[in-house]
Amino acid sequence: MSKVFNWHLGREMEYPYQAAYPERQFAFVFNINRCIACQSCTMACKSTWTFSKGQEQMWWANVETKPYGGYPQAWDVKTLELLEKANPGGQAWTGKPSGDPKRPYGQFNGKTIFEARGPVLQPDSSRVLGYLPADTEWNSPNIGEDNPVGGKGVPRKLHATGESLPIHKTWFFYLARICNHCTYPGCLAACPRKAIYKRPEDGIVLIDQEQCRGYRKCVEACPYKKSMYRGNTRVSEKCIACYPRVEGKDPESEGVPMETRCMAACIGQIRMQGLVKMNQDGTWAEDRNHPLYYLVHVAKVALPLYPQFGTEPNGYYIPPRWVPRDYLRQMFGPGVDQAIERYMNPDRELLAVLQLFRRSNRIIFRYEIKEGPKIYEGEMRGKKVTLYNDTVIAYGKKGQELFRTTVEEPIHVRPAIHANSI
Amino acid sequence: MPYDDPDPQDPMILVGTMLPADRDAQVEMAYAFAEEFARLGYREPQIQALFRRPFYAGAHGAWQDLGEEQVSKIIRECLDVWGRVRLVDREAKAEAAACAGEEADHE
């Protein structure tokens, strides 16, 4: 095992290979507060990449209802349980979230899936702690809510009020997921064929279909369960981050790097994807006006999903503000309280950056804010809210302007016929 | 499940899970959806529809639990702040042509 630095954990950790980092890293931010589980992302991915025979159970992009939903069923609870069994009572963080880019969430002193070896790991040759989900666990992309909403014996007709959908009598939220294209992928570490690789130009993790022999070690090792086995070709497949679009080689893209299909289809405008610059040591290079750098490292409102697994996932989430904090701390680490506080009381810059979500399908590499006059000052639920007539401008890879969004106070022009009416 | 009563022998049925049903969380969730969609430029009838439609289980659950009156009050409170402004997007000219085809596909 080599030693690599994992900035999510704030420390070095064991990994089967030496550290190697891409020039830029595919990363994304999902704002959970906006997700209504319309499943447009899920279907955009399905209809693009996994509509063939043998891929029926594959949902590279899915939205699951937390806390009880999961695809495959209970994927996160099972991995957390394995880690707890390997290191009873020791899965804890110390320190506090800080401005240090190498330890933004403090330090995790427990064991990662690469470190939790020993009696738990079977067989001995396994490099990564994990489990192989049973076939039944892949049956439901969002259990309880992925059923037809028609009446019994009435095909192809929705129930008028949808009342056959379950009613949840508790807090819950929707967690949209794709492959996190991790910096230290569990799937890559576990593959005995070395069929999985991380691209040096954008950090996208791919399975070489020629090399794969379908041993399913990647399915077992990925803690997020985003590597999936295809029975009729006997090889594994996973999210490819729509790389032709990211490269700007998709016919639609006209040479301009575009966001993935799941991002582009998002109706709730919860998603933003980009390519962040990397330092030699695996941390993100300072890029103050990159929207993802801003959300993760400056505003710190976007947090990694289960950082304690140790893979340094490149998907970040703005946590849902109504969910019990203990649950969120387990899911997103110790930065949760600060992230929610900041998100609920956004400053001028954060409000402007949040306007960049889904205004365009092209990848944003930089933003700029042109400040305008104050147009509103008031209170909402006891908190001061100030709005400005600001314009946020998004720029592309070559520095070209992509679009600009302005916050405006609508002007209503009274028609001449009513010019003097009250 | 939608068609029949749960079968306790079915491995896909969740059993034995207890979670607190917190009314404050419902209120907070209703505020979150109303505020987020008000910020996106949705108007009152559109946000109301989001809560009323049973197919958006999160918002609809809050609507069922809190009732029409309270949800409407929450929506109006959010729109009182965020409904004052509108967001105007302007595509950069050189890029607009390149993406015109895709936008047409989306319509």
Side-chain angles (χ1 to χ4, degrees), chain A residues 31 33-34 36-38 65 67-68 73 136 139-140 143-145 147-149 152 161-174 252 254-256 268-269 320-324 354-355 359-362 375-376 378 380-381 385 387 396 400-410, chain B residues 1-4 10-14 17-22 24-33 35-37 39-40 50 53-62 64-65 77-78 80-99 101-103 105-106:
Chain A
N31 183 356
N33 293 284
R34 283 183 184 174
I36 53 172
C38 66
T65 308
Y68 42 81
Q73 208 177 333
T136 48
N139 279 357
S140 306
I143 191 163
E145 292 187 24
N147 304 289
V149 288
K152 190 173 183 178
T161 58
E163 66 193 15
S164 63
L165 283 169
I167 303 296
H168 310 294
K169 293 289 183 195
T170 183
W171 56 270
F172 64 99
F173 64 96
Y174 301 116
E252 268 188 2
E254 306 267 353
V256 179
Q269 304 182 15
R321 54 198 231 194
W322 62 86
V323 172
L354 289 171
Q355 302 308 333
R359 298 286 176 219
S360 167
N361 288 344
R362 287 148 292 166
I375 52 175
Y376 172 75
M380 190 175 154
R381 304 179 78 195
V385 179
L387 301 178
Q400 78 280 24
E401 182 178 324
L402 298 176
F403 65 91
R404 54 180 64 202
T405 297
T406 306
V407 177
E408 286 186 359
E409 201 175 10
Chain B
M1 305 302 275
Y3 294 148
D4 300 302
D10 183 347
M12 298 305 288
I13 297 289
L14 281 175
T17 305
M18 279 287 285
L19 289 163
D22 185 348
D24 288 347
Q26 287 281 38
V27 172
E28 196 53 50
M29 181 166 69
Y31 266 107
F33 282 129
E35 192 175 347
E36 292 293 344
F37 283 83
R39 279 194 205 176
L40 291 179
L50 184 81
R53 287 180 69 92
F55 305 106
Y56 303 119
H60 187 65
Q64 283 196 324
D65 200 33
E77 195 179 335
C78 294
D80 193 40
V81 174
W82 299 103
R84 290 168 184 272
V85 295
R86 67 178 175 191
L87 301 169
V88 180
D89 301 324
R90 292 182 185 87
E91 287 279 324
K93 280 180 188 169
E95 300 296 330
C99 284
E102 190 189 29
E103 279 160 12
D105 290 344
H106 284 209

### Task
May I ask you to say whether A:Arg34 pairs ionically with B:Glu35, meaning some side-chain N is under 4.0 Å from a carboxylate O?
no

### Query
Which residues pass the ring pair (Phe, Tyr, Trp, His ring centres under 6.0 Å) test with B:Phe37, sequence neighbours left out?
B:Tyr42

### Residue part contacting chain A, namely of B:Ala32, when any heavy atom lies under 4.5 Å
both

### Task
Please flag which part of A:Ile375 lies under 4.5 Å from any non-hydrogen atom of chain B: side chain, backbone, both or neither.
side chain

### Task
Measure the shortest side-chain to side-chain distance between A:Phe403 and B:Arg90 over non-hydrogen atoms and say whether it is less than 4.5 angstrom.
no

### Residues in side-chain contact (heavy atoms from CB on, under 4.5 Å) contact with B:Asp89, at least two apart in sequence or another chain
A:Arg359, A:Thr405

### Query
Non-hydrogen atoms of chain B under 4.5 Å away: do they reach the side chain of A:Gln269, the backbone, both or neither?
side chain

### Residue A:Val407 versus chain B: region with a heavy atom under 4.5 Å
both

